[in-house]
Amino acid sequence: MTGQAMMQRQKGVAMWRQIADRIRASIAAGEYDETGKVPPETQLAEIFCVNRHTVRAALSALAQEGIVRAEQGRGTLIKRRDKFHFPISRRTRFTQGIGDQARDLAGRLLASEIEPAGAEVARWLKIDPGSLVRRLESVRSADGRALSRGTSWFPADRFAGIEDAFGRTQSITLALQACGVPDYLRDVTEISAVHAEPDDVTELGLTPGAIVLVTRALNTDLDGLPIQYSITRFPADRVQFTIRN
């Protein structure tokens, strides 16, 4: 397959970013496992029908993400770092999901606010638009590696103090328990992939153009009442989802 056939110029997306995405996908698919390194710049430039400067920019971005590293005389080597496997099921929990894959799990509250529910939040939580909700912004990490940046909304009247409970416990599950919800279920999870936004770059330690997996999820109590709507962003090179019934 020719480079022109492989690459399609996308309006508004820099060519180096498109090439970085393709190389990242090839690494994830194991296409370079035999050599343990990506092809030379000259070969990549020929494959993608671009100049070496564009390829170099793509490889530089991947190096900043920790996916590859350049070694004098050896080329661009692939840095093997195991992904965290995160199960999504009826009882999705960050701490239990990561389990013994990490020694140290931490949660950090970035911001909290009481605000009127917009149309999307109201639809997910099945409340009237404009009803008050509590919004929490947080980052979760494992062994010092940031794994997720999340925004969650809770009905304000039912979850007074949940921001303080999360700040103390570093756990949404424990914070919900402190607010009188001993158990809950995952009702819906939607998954998509996008390029990192500026806040992702800052809070997750990514480079511009990195890929993040985005989940939109609804949790309910055992009576089926919506209690939490969340949008969570995971670095695609650090986390792999497993869907379980």
Side-chain angles (χ1 to χ4, degrees), residues 28 82-112 117 120-127 133-155 158-159 161-163 165-194 196 199-200 203-204 206 211-245:
D82 292 337
K83 292 184 179 182
F84 288 92
H85 291 264
F86 187 70
I88 295 177
S89 66
R90 288 282 284 165
R91 280 188 162 79
T92 296
R93 310 285 190 268
F94 181 86
T95 300
Q96 294 177 8
I98 298 300
D100 59 4
Q101 298 176 72
R103 294 183 299 276
D104 179 41
L105 298 177
R108 178 164 55 95
L109 182 65
L110 300 177
S112 64
E120 179 185 2
V121 172
R123 177 173 62 83
W124 280 83
L125 289 178
K126 298 181 181 178
I127 57 178
V133 292
R134 296 176 185 271
R135 173 175 54 83
L136 270 61
E137 308 272 352
S138 62
V139 170
R140 303 300 305 268
S141 61
D143 291 342
R145 298 173 67 190
L147 293 189
S148 70
R149 180 176 77 85
T151 304
S152 293
W153 292 267
F154 308 84
R158 184 174 180 181
F159 293 100
I162 194 168
E163 59 275 13
F166 179 80
R168 291 193 310 271
T169 64
Q170 301 183 20
S171 165
I172 289 292
T173 297
L174 295 179
L176 287 171
Q177 290 178 4
C179 292
V181 180
D183 197 7
Y184 60 95
L185 299 175
R186 174 63 56 89
D187 185 66
V188 177
T189 302
E190 297 178 355
I191 304 173
S192 59
V194 299
D199 285 346
D200 300 325
E203 300 297 344
L204 298 177
L206 304 176
I211 300 297
V212 293
L213 302 175
V214 182
T215 64
R216 294 175 181 268
L218 177 69
N219 288 327
T220 69
D221 63 18
L222 298 187
D223 293 323
L225 295 176
I227 59 172
Q228 177 192 6
Y229 167 53
S230 60
I231 301 175
T232 309
R233 306 168 75 85
F234 300 82
D237 65 310
R238 301 175 195 168
V239 175
Q240 177 174 306
F241 294 137
T242 302
I243 309 299
R244 296 177 178 170
N245 294 328

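Here the structure is a predicted model, which is why all the values come from computation and not from measurement.
For the pair Gln228 and Leu176, the minimum side-chain heavy-atom distance is below 4.5 Å. Side-chain atoms of Leu222 and Leu185, non-hydrogen and from C-beta on, do get closer than 4.5 Å to each other. Side chains of Gln240 and His85 form a contact here, defined as non-hydrogen atoms less than 4.5 Å apart. By the 4.5 Å heavy-atom criterion applied to side chains, Leu136 and Trp153 are not counted as neighbours.
Closest approach of Ser89 and Arg186 over heavy atoms only: O-CB, 3.2 Å. Of all heavy-atom pairs spanning Pro155 and Pro226, the tightest one is CG-O, 4.2 Å. Trp124 and Ala217 make their closest contact through CZ3-C, 4.2 Å (heavy atoms, listed as atom of the first residue, atom of the second, distance). Closest non-hydrogen pair, Ile127 versus Val133, comes out as CD1-CG1, 3.7 Å.
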- Item | Step-by-step side-chain contact (heavy atoms from CB on, under 4.5 Å) determination, Cys179 to Ile162 | CA-CA 7 Å; Cys179 292; Ile162 194 168; 3.8 Å; yes
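The distance from the CG atom of Leu147 to the CZ atom of Arg238 is 7.5 Å, given to the nearest 0.5 Å. Note that the CD atom of Glu137 and the CG atom of Leu110 stand 7.0 Å from one another [nearest 0.5 Å]. Taking CG of Leu206 as the start and CG of Asp199 as the end, the distance is 11.5 Å to the nearest 0.5 Å. In this structure, CD1 in Ile243 is found 10.0 Å from CZ in Phe86, a value given to the nearest 0.5 Å. One distance of note links CD1 of Ile98 with CG of Leu105; it measures 7.0 Å at 0.5 Å rounding. To the nearest 0.5 angstrom, Arg93 atom CZ is 7.0 Å from Asn219 atom CG.
No side-chain donor-acceptor contact under 3.5 Å links Arg108 to the backbone of Val139. For Asp223 (side chain) and Leu225 (main-chain N/O), no donor-acceptor pair under 3.5 Å exists by modelled atom type. Judged purely by atom type and a 3.5 angstrom limit, Asp187 has no side-chain atom pairing as donor or acceptor with the backbone of Leu218.
The ring-ring contact (aromatic ring centres under 6.0 Å, His included) check on Phe159 picks up Phe154, with sequence neighbours excluded. Taking Ser192 as the reference, Val214 meet the side-chain contact (heavy atoms from CB on, under 4.5 Å) condition, with sequence neighbours excluded.
Residues Glu120 and Arg216 are paired through a salt bridge, judged by an N-O separation under 4.0 Å between the basic side chain and the carboxylate. In this structure, Arg145 does not pair ionically with Asp104, as no charged nitrogen and carboxylate oxygen lie closer than 4.0 Å.
Applying the side chain to side chain donor-acceptor pair (under 3.5 Å) test to pairs two or more places apart or on separate chains, those with a residue in residues 166-180 are Thr173-Tyr184.
Aromatic ring centres of Phe234 and Phe241 lie closer together than 6.0 Å.
Tyr229 and Arg123 form no side-chain donor-acceptor contact under 3.5 Å, judged by distance and modelled atom types alone.
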